[in-house]
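A quick write-up on the structure given underneath.
Note that ligands are numbered from 1 as they come in the structure, with each ligand's atoms numbered from 1 the same way.
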Amino acid sequence: MTRETEAAPGFITHPLLAELGIDHGFGTRSAQAPENLRRPHQVHGSAVVQAGAIDPSAPQDADAVVSDDPALPVGVITADCVPILVASASGAVVVAIHAGWRGLAQGVVAAGVRALIGLAGSRDGSVGVIGPSIGRCCYEVDAPVMDPLRERFGSALSEAAVLSRPGHHRLDLGQLVKVDLVRSGIARERVGLVDRGCTACDPERFHSYRRDGALAGRLIHYARPRALSGAGEPGPGPLRLDSSGAGF
Ligand SMILES: [Zn+2]
């Protein structure tokens, strides 16, 4: 496993993305969203939207956002769910994905990777990095969660879930994301995991919906496509982060 480094204030970066020259980060509590960020209105589904199609004042419903425009970094927000940043081999295309159990059951990870490959033209050399989320230590689920996940993941679900008491399992969402990234065609050695701890266990660094309830803050995660042909610096633009959304 590769190790992460702390770069921009409040953001955790990962070598797999840094080596591609991609400006990115998984946010802790103090992280501030970059200018011109495009992110969707998250609804725990599997829709993917293109950055250029997002109206920042009224973002579309989606849980993944793809960009090939260095002027338009893309991001998602979380509070316990899994943030995922995926990049093409050149770094010219990136996708940010928000995955909780509902999105995982609906295939949001695969949908996001498909959109990236569609824009990049190839899956070869793509990298995917899994950010901080609630850990198995704090995430107990019951049959209404396990059943739809079993339909999608089959026996791989057994490796991510541990029986905690009758009818309940402790579930590692990040492990399921890894399964889907690899199934989507990203080489296992090109899948990274930030050394993340657990959002619910670490109030110093992370917001957590399970811990803090409806008033929990949100963590911001982003990636910016790499400029391959010396494109100009992105200009300033409106930044809107609504904390009322369903994204967590
Ligand atoms: Zn925990």
Requested in this report: With sequence neighbours left out, write down each residue that passes side-chain hydrogen bond (donor to acceptor under 3.5 Å, both in side chains) with D23, or none if nothing qualifies.
Outcome: Y222, R224
Query raised in the report: Should R102 and D63 count as an ion pair when the cut-off is N to O under 4.0 Å?
Result: no
Report summary line: Result for side-chain hydrogen bond (donor to acceptor under 3.5 Å, both in side chains) between T78 and one of H98, H221, R218 points to H221
Query raised in the report: How many protein atoms of type N/O/S are positioned less than 2.8 Å from the Zn ion (ligand 1)?
Result: 4
Query - Partner residues of D142 under the side-chain hydrogen bond (donor to acceptor under 3.5 Å, both in side chains) criterion, sequence neighbours left out - result: none
**Report entry** Residues forming a side chain to side chain contact (heavy atoms under 4.5 Å, CB included) with A53, sequence neighbours excluded
**Finding:** V49, Q50, Q60
Query raised in the report: Can I84 be reached from V76 by stepping across I, L, V, M, F, W or Y side chains whose heavy atoms are under 4.5 Å apart?
Result: no
